[in-house]
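Indexing begins at 1, ligand by ligand and atom by atom, following the structure's order. These figures come from a predicted structure and were not determined experimentally.
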Amino acid sequence: MGLFDFEDGKEGYYGEFGGSFLPEILTSTVNELRDCFYDCKDDPSFWNEFVELMHNYSGRPTPVTHLKNLSEKLGGAQIFAKREDLNHTGSHKVNNVMGQGLLCKRLGKTRVIAETGAGQHGFATATMSARMGFDCTIYMGAVDVARQRPNVFWMENLGATVVAVEDGQKTLKDAINECLRDWVTNMSTTHYALGTACGPHPFPEIVSYFQRIIGVEARDQFKALTGKLPDKVFACVGGGSNAMGLFQGFIEDDGVELVASEAGGSGPGLGQHAARLAYDDATIGVAQGYKTYFIQNDDGNMQDTHSVAAGLDYVGVSPILAHLKKTGRVRFEAATDKEVSETLRLVMSTEGLIPALESTHGFVAACREAATMDKSQSVLVNMSGRGDKDIFTVADALIDEHWKQFIRNKADEYDA
Ligand SMILES: *Cc1c(COP(=O)(O)O)cnc(C)c1O
């Protein structure tokens, strides 16, 4: 049985995880979305329309690149990367967002709302809305608005309204709550474009459906390049959408091991990381409309998480991945901030590639294991996005004095 062939009475459940826990007032809207999505899924011309849009607008198919220098340097398995960094807006997020834009059109809705933490999903959603002609409102915690100004700048200039949420911790969790409140009020005109393979059913399935374009392409490309399948496939996991996207291409291939890499931050211990499944600090609960592992205390209050990669810094995880861990199909590892900055330097200097800090978590696990494997073996890692957006964080980590001076000079110009 496939992941999305639900047993009677268990629609939206992946083993014990998933479900839909929402205010009753949203039931009709969520059902309408689900029915529209299932109609599209049954219609082969819908997938073709989506693929064509991604070819023409986002530069798909993205290539698979053999990282020869990196492989030689580590002396083990051949390492290949799926290049989601080459998408428009710089990451895989656009796959989901453009797909949901097509759904929104079919639903006859004219307005899109979304939550965003680091701002990458909000940026992609604002881009899609500009292109497809929707009104767009992005909810973002006030703390995140303050620290992610470049993304806020682009969202606003693309025509979106960015609402800085002042409730609670003023971060992603509070933005999600505010976004749901908006949906309840405006559901007749508004589609909620959720950003990852989390949240209430049908969102984990919808997001996975569009992201599977990554795995469908990658499997064919890898076979064409090498004549075989990779021994292992790696992806980083925030909510789980890029991992679900790549893994779906290989999930039926028993010989291909699927490895997920979470944010190990500064190592195990509550508050130090965002590794929900690789470390033992998360427990099962229901929050934000679905059931999964959350980093929470005994009272079910969400705890602080930490990662150098803002896009992996999330308390929950895809219910589908929680299930695939439990069944043993996906193995979970973690990469610490320190490993990430070392591996980023290694990949930049050997291959001239700049993976996003998020994606570099996948590279850490891939490099670690490739080094112990045979030269005749091969691994594929999802380069989920490009690292240009991380220049502030990386420059800090590398203690780059020239960069600091540049920022000071800029500030002085504005003061003058
Ligand atoms: C947002 C983001 C992620 C994490 O999200 P997933 O849903 O787990 O894929 C990973 N990589 C990049 C580049 C991102 O922008």
> If you look only at pairs with a residue in residues 358-368, which of them pass as a side chain to side chain donor-acceptor pair (under 3.5 Å), with sequence neighbours excluded?
Replying inline: Glu339-Arg368, Glu358-Lys389, Ser359-Ser384
> Partners of His88 by ring-ring contact (aromatic ring centres under 6.0 Å, His included), sequence neighbours excluded?
Replying inline: Tyr57
> Going from CH2 on Trp403 to CG on Leu398, what distance comes out if it is rounded to the nearest 0.5 angstrom?
Replying inline: 12.0 Å
> In Å, rounded to the nearest 0.5 Å, how long is the span from CG of Asn87 to NE2 of His92?
Replying inline: 9.5 Å
> Using a 4.0 angstrom limit on heavy atoms, which residues are close to ligand 1?
Replying inline: Ser91, His92, Lys93, Thr196, Cys236, Val237, Gly238, Gly239, Gly240, Ser241, Asn242, Gly311, Leu312, Ala356, Glu358, Ser359, Ser384, Gly385
>> For Arg212, give me all partners under salt bridge (charged side-chain N to carboxylate O under 4.0 Å, His left out), at least two apart in sequence or on another chain.
In response: none
>> Taking atom CD as the centre, does Glu52 end up with more than 12 heavy-atom neighbours from other residues, nucleotides or ligands that are less than 6.0 angstrom away?
In response: no
